[in-house]
Each structure stands twice: as C-alpha cells, then as structure tokens.
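Note that the structure is a prediction, hence the values are computed from the model and not measured. In this chain, numbering begins with 1 at the start of the sequence shown.
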Amino acid sequence: MPDTSHMRPLGAQISHMLKSRGVDTVFGIPGVHNQEMYRGIEESGIRHLLARHEQGAGFMADGYARASGRPGVAYVITGPGLCNTMTPMGQAYSDSVQVLVISSCLDDTAATRGQLHQMLDQQAAGATVSDWSYTARTASAAYTLIDRALTEFQTKRPRTKHIQVPIAALEGNAEAAPDAPATVRPVRHVLPEGIADRIMAAKRPLFILGGGAVCSSEQARRAVAALKAASFATDAGRGIISATGDPLHFGGYLGRPETASVAAGADLVIVVGSELSETDLWRDKLEHTCQMIRVDIDPEVLGQEPGSIAVPMDAEDFLTGLNAALEGHKAETSWTAAEVEQARKRWRAEADSERPGIARICDALREVMPEDTMYYSDMTQFAYAGKEFWDMERPGHWHHPNGFGTLGYALPAGIGGAAARPGLPTVVIAGDYGFQYTVQELGTAIELGQPLPILLWDNGKLKEIEDSMVAAQIAPNSVIAHNPDFVALARAYGAHAAAPKSLRELQQAVIEAFRTDGPTLIYMTGDMAD
C-alpha cells in the first residue's frame with residue numbers, strides 16, 4: 001500500500017504552503033465552511049488574528065501589506081464571508097495593495113438550491129473587485145494559483161487576488177505543496193535612448209511622484225535635486241520628496257485647482273508611478289501644455305495620455321538609470337524657491353478656510369509624533385485636510401483609502417499595520433461616521449494589546465456631504481445622525497479614552513497613548529482651545 005503518512009487535508013496544506021512562502025500572519029474568521037483551512041494554522045506556525053467582521057479582516061490584511069511590503073492574507077467563508085470582504089478587496093485593488101483572499105466555496109451550485117451560504121456565482125463576484133478570481137478544484141490547482149498570486153505581487157502591479165476552494169477539496173487529503181518557484185528580478189537600469197537627454201534639456205521640469213515610486217525615494221530625491229526640478233506628490237507618494245529638504249517641492253497639494261497653471265508652466269512633465277486618477281487631481285486632466293514622460297509598469301496607465309512618451313519601467317530602475325545619466329550634469333532651472341513657497345502658503349490658506357480649525361490641530365499633533373509613525377486614515381474631513389497640511393518626511397507612512405474611497409478603513413487597517421510593525425508607532429485617524437462602520441474591531445486591538453492612538457474627529461455630521469449638497473444648491477438631507485458617547489463606547493470595549501479640551505491636552509493624550517498597553521480613543525472636536 002502507498003505511504004500516506006505525509007498526507008494532510010488540503011486546507012491544512014495551504015497554511016503550510018503559505019508559511020513556506022514567507023507568510024507569517026493571516027487575518028480572518030473561522031466558520032464551518034473554512035475550518036479545514038484552520039487545521040494547519042497553529043501546526044505551521046502562522047499567527048492568526050481574529051477580526052470581528054470579514055470586512056475588518058480584509059482591511060487588516062490591507063494595512064499589514066502596506067506596512068510590511070509583504071502580502072496580506074485573509075481566510076474567509078463561503079457566501080457572506082466573501083461578500084463582506086469585497087469592500088476591502090476593492091480598496092486594495094484600486095490602491096495597488098498585495099492582498100490575497102482565500103475563501104471556501106460550495107462544491108456545486110448548479111444542481112442544488114437552498115444550501116448554506118449559497119451564491120449564484122461566487123467566483124464572478126470576487127472577480128469584480130480583484131485582479132483575478134479563480135476556483136481551485138484540486139490541490140495542484142490551489143498550489144499553482146497561490147504561487148501565481150505571490151509571483152505576480154512581486155513582478156506586476158500588485159492588486160487583489162481571490163482563490164476559492166470547494167469544501168470537499170479542502171477536506172480531502174493532499175500531498176504537500178512543491179518547492180516555491182524562484183523569482184529573479186532582472187537589472188534594467190538602462191533608460192530608453194534619448195530619454196535622459198530630453199529630461200536634461202528641460203529648464204522647468206516638473207516631476208509628479210506617485211505610489212509606484214514609494215520604494216525609490218532615495219533615487220527620486222537625487223534625481224530631482226540634480227535637475228533642480230520642481231515636484232508634486234500624489235497622496236500615495238507623499239514623503240518620497242521631503243518638503244523640508246527640497247525648497248522646490250510643492251508637496252501634496254496636487255488636487256488644488258491652481259496646480260493646473262503650475263503644470264501649464266512646466267516645459268516637461270515626468271510622471272513616475274501614478275495613474276493621475278480622479279482622486280489625485282480632482283479634475284479631468286493635469287492641464288499641462290508640454291511633453292509628458294510617463295513611467296509605469298502598468299501598460300494600461302501608459303496608454304492613457306495621448307502624445308506622451310511611455311516608458312514601461314519600474315520606478316527604481318528608471319530613477320537609477322536617470323541618476324547614472326545625470327553624473328556631471330550642471331542643471332539650470334527657472335523654478336524658484338520663492339514661487340513654490342508662496343504657492344504652498346496660498347494653498348494652505350485655501351484648505352484652512354475650506355475646513356476651518358484642522359490645520360492648527362495637525363500642527364500640534366506633528367510636534368509630538370514619533371519619527372517613524374505610520375498613519376492610517378479614513379474618509380473624513382480631518383484626513384482630507386491633513387493630507388495637505390501634514391508634510392511627510394518619509395514615504396509609505398500615511399495610508400488612505402484613495403481609489404475605492406470606503407468608510408471604515410482606518411481602524412482595522414491600522415490594526416493590521418501595527419501587527420506588521422510591533423514596537424513601532426501607528427496612529428489611526430477616523431471620523432465620527434466612518435468609525436462606526438468598523439468600531440467592533442476595537443476588540444481585536446485590545447486582544448493584541450496594541451498601543452494604538454485613535455484620533456476620532458467628531459463634527460457631528462457628514463460634513464463633507466453637507467458642504468457638497470450646499471454647493472450644488474441641494475437642501476442638506478440626512479447628513480446628521482445620532483452619535484454615541486464615543487469615550488464611553490471605547491471604555492466599554494476595554495480601551496483607554498481621552499477627550500482633551502485644548503491642544504496641549506491633545507498632545508499629552510497622544511504621548512500617553514503610545515505608552516499604554518492597548519488602544520486609546522482620543523476624541524477631537526474643532527472647538528479645542530489653543
């Protein structure tokens with residue numbers, strides 16, 4: 001008889017495979033349909049973090065991936081489990097985050113109706129918010145798809161992947177996964193002919209740096225300084241260039257209307273790692289009148305700008321090659337630090353008048369934040385304004401649900417981010433409405449003992465929507481909802497809580513929150529005293 005002592009249920013083998021591929025943390029909620037995936041978690045040495053809702057599990061995986069640079073993995077059940085995870089799947093897809101969702105699915109849905117958790121087409125539902133969604137009916141297929149997902153995270157634009165495995169297949173015995181394929185990244189620092197010369201000939205070059213250039217900050221700073229170029233950062237690219245270190249950096253104000261005239265005043269625009277999406281510009285086009293060089297690994301992005309020069313390269317390769325070409329180059333520029341500084345002051349004043357009171361709170365908070373703090377923000381006016389006021393000194397340290405724009409992101413994503421960086425400071429920024437989408441995930445943060453300051457901005461309404469309605473001459477409707485006592489609610493979960501009355505008290509509350517043994521809700525309103 002064949003030796004089957006090395007066989008395990010496929011659900012257990014999947015956990016062992018993930019561990020062998022470097023996955024050390026999985027987020028999720030066990031259920032009768034996916035319990036076989038939990039058989040191998042402890043055995044393989046993977047840490048499982050229990051969410052309170054599958055939406056929270058997906059956001060935690062997202063936050064973990066953004067903080068660690070490694071895949072965020074979620075285990076969810078058939079039907080409602082996957083549906084609850086689809087919002088974070090869509091968010092990770094739009095923001096280019098490496099999230100892998102592995103769900104169970106029913107063995108058959110064509111011949112039988114009325115089964116527990118049944119959907120008409122679960123695979124197709126997953127595909128609407130993923131790079132791809134496939135069913136693995138055999139162990140071999142499951143292993144192949146997992147390796148495909150992990151490989152594509154390293155070699156393509158990272159986006160959500162969904163693999164579903166029938167319950168019977170999860171329960172069936174399977175051989176262990178084969179060894180991982182080796183991924184060797186080729187060195188491609190050589191620029192296409194003529195690109196460097198075109199850039200060096202420009203007198204008013206303007207760089208726009210997006211999330212795709214986050215891992216290339218050092219090279220970006222060298223190139224921009226050598227060319228004496230002006231620069232903007234998208235929300236995802238903030239911190240690639242240091243606003244305090246480069247007097248020609250316009251910062252994160254790209255969505256301001258006046259930036260269209262800045263772009264029109266450039267004689268060459270170089271866009272590195274950005275879609276220039278609606279949520280980057282808040283207008284249809286950049287409004288430049290000169291040549292654009294577009295650097296990206298996504299061919300879809302490269303084809304979006306008629307007449308542009310498309311450079312299909314990784315940001316690190318492009319910028320490294322550009323710096324090599326810039327050796328000995330003596331740049332001349334007509335950009336001045338004075339015009340950049342004046343523009344930044346105007347835009348800050350505009351933003352402060354649109355959302356009064358937030359700038360001074362941001363300034364006070366920045367003074368006491370540890371150097372390596374990572375921020376996770378929600379769809380709230382405090383974050384919209386803060387992303388403009390709050391200059392970042394390092395990239396990849398402020399994460400916001402930009403593309404999909406979902407509420408409820410910040411708390412679970414921050415929990416996932418803090419889990420990826422134990423001992424390093426993480427901050428959550430949420431609004432009174434969005435916080436209630438995922439408030440239950442406080443339980444996870446408390447179980448983990450995370451010293452997580454949660455800055456809760458309460459203006460008592462959906463203020464951004466109210467402002468939009470008024471601007472559109474619509475009588476504000478359904479923008480005010482009854483709020484709980486947030487401080488009491490946090491304490492009911494077992495969290496710490498504070499309601500500072502002044503900026504000084506706010507600063508002290510943040511300092512103390514980093515020293516505690518669990519999360520601290522810090523309740524903020526616009527009427528805090530100076």
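Tyr376 places a side-chain N or O within 3.5 Å of a backbone atom of Gly63 that can act as its donor or acceptor partner. Put simply, the side chain of Thr373 never gets that close to the backbone of Met369: no donor and acceptor are under 3.5 Å apart. The backbone N or O of Ala264 sits nowhere less than 3.5 Å from a side-chain atom of Glu287 that would complete a donor-acceptor pair. Judged by distance alone, with hydrogens and angles left aside, the side-chain atoms of Arg204 form a donor-acceptor pair with the main-chain N or O of Ser334 at under 3.5 Å. A side-chain donor-acceptor contact under 3.5 Å links Asp95 to the backbone of Asn402. Between the Ser274 side chain and the Val271 main chain, no donor and acceptor come within less than 3.5 Å of each other. Side-chain atoms of Ser94 come within 3.5 Å of backbone N or O of Phe404 as a donor-acceptor pair. When atom types are taken as modelled, the side chain of Gln123 and the backbone of Thr135 share a donor-acceptor pair closer than 3.5 angstrom. Side-chain atoms of His397 come within 3.5 Å of backbone N or O of Pro395 as a donor-acceptor pair. Here the side chain of Ser44 pairs no donor or acceptor atom with the backbone of Lys19 at under 3.5 angstrom.
The shortest distance between side-chain heavy atoms of Glu305 and Leu286 does not fall below 4.5 Å. Side-chain atoms of Ser231 and Ile241, non-hydrogen and from C-beta on, do get closer than 4.5 Å to each other. Taking the side chain as every heavy atom from C-beta outward, Arg294 and Leu276 approach each other to under 4.5 Å. Proximity of Val73 to Thr25: side-chain heavy atoms (C-beta onward) are nowhere separated by under 4.5 Å. With a 4.5 Å cut-off on side-chain heavy atoms, Thr160 and Gln91 do not count as touching. Considering only heavy atoms from C-beta on, Val340 stays 4.5 Å or farther from Pro247 through its side chain. With contacts defined as side-chain heavy-atom distances shorter than 4.5 Å, the pair Asp378/Thr406 does not qualify. At a threshold of 4.5 Å between non-hydrogen side-chain atoms, the residues Leu319 and Glu316 do not count as touching.
Taking the six-membered ring for Trp and the full ring otherwise, Trp457 and Phe435 have centroids separated by 6.0 Å or more. Two rings, from Phe27 and Tyr64, have their centers less than 6.0 Å apart.
For the pair Arg148 and Trp132, the cation sits on the ring face: its NZ or CZ lies under 6.0 Å from the ring centre, inside 45° of the axis.
Here the closest heavy-atom approach between residue Lys161 and residue Ala149 is recorded as CG-CB, 3.8 Å. Scanning all heavy atoms of the two residues, the minimum distance from Cys105 to Gln122 falls at CB-NE2, 3.6 Å.
A donor atom on one side chain and an acceptor atom on the other are found under 3.5 Å apart for Ser103 and His162. Of the N and O atoms on the side chains of Glu275 and Gln304, not one donor lies less than 3.5 Å from an acceptor on the other residue. For the residue pair Asp62 / Tyr409, a side-chain donor-acceptor distance below 3.5 Å is found, with atom types taken as modelled. Side-chain atoms of Asn84 and Gln55 form no donor-acceptor pair, as typed in the model, at a separation below 3.5 Å. Remark: the Glu393 side chain and the Thr244 side chain contain an N/O donor-acceptor pair separated by less than 3.5 Å. In this structure, a donor-acceptor pair under 3.5 Å is present between the side chains of Ser15 and Tyr75.
By the 4.0 Å N-to-carboxylate-O rule, Lys156 lies too far from Asp298 to be salt-bridged with it. Classification of Asp363 and Arg348 as a salt-bridged pair holds, one side-chain N sitting under 4.0 Å from a carboxylate O. Under a 4.0 Å N-O distance rule, the pair Arg256/Glu388 qualifies as a salt bridge. Between Lys228 and Glu332 there is no salt bridge, since no side-chain nitrogen of the basic residue lies less than 4.0 Å from a carboxylate oxygen of the acidic one. Between Lys203 and Asp267, none of the side-chain N atoms (NZ, or NE/NH1/NH2) sits under 4.0 Å from a carboxylate O, so this pair counts as no salt bridge. The pair Asp131-Arg157 does not meet the salt-bridge criterion, since no charged nitrogen lies less than 4.0 angstrom from a carboxylate oxygen. Salt bridge present: Arg21 and Asp147 bring a charged side-chain N and a carboxylate O closer than 4.0 Å. Look at Arg283 and Glu278 and you find no salt bridge, because none of the NZ, NE, NH1 or NH2 atoms lies under 4.0 Å from a carboxylate O. Ionic pairing of Glu350 and Arg346 is not present here: no N-O contact between side-chain nitrogen and carboxylate oxygen is shorter than 4.0 angstrom.
Applying the side chain to side chain donor-acceptor pair (under 3.5 Å) rule to Arg366 yields no partners; only residues at least two apart in sequence or on another chain are considered. Take Lys285 and apply the salt bridge (Lys or Arg N to Asp or Glu O under 4.0 Å) test, not counting sequence neighbours, and it matches no residue. Remark: Trp347 pairs with Glu258 by the side chain to side chain donor-acceptor pair (under 3.5 Å) rule, at least two apart or across chains. The side chain to side chain donor-acceptor pair (under 3.5 Å) search around Ser217 returns Arg221, not counting sequence neighbours. Take Asp24 and apply the salt bridge (Lys or Arg N to Asp or Glu O under 4.0 Å) test, not counting sequence neighbours, and it matches Arg70. For Thr279, the side chain to side chain donor-acceptor pair (under 3.5 Å) partners at least two apart in sequence or on another chain are Ser277.
Heavy atoms of other residues, nucleotides or ligands lying less than 6.0 angstrom from CD of Glu218 number 12 at most.
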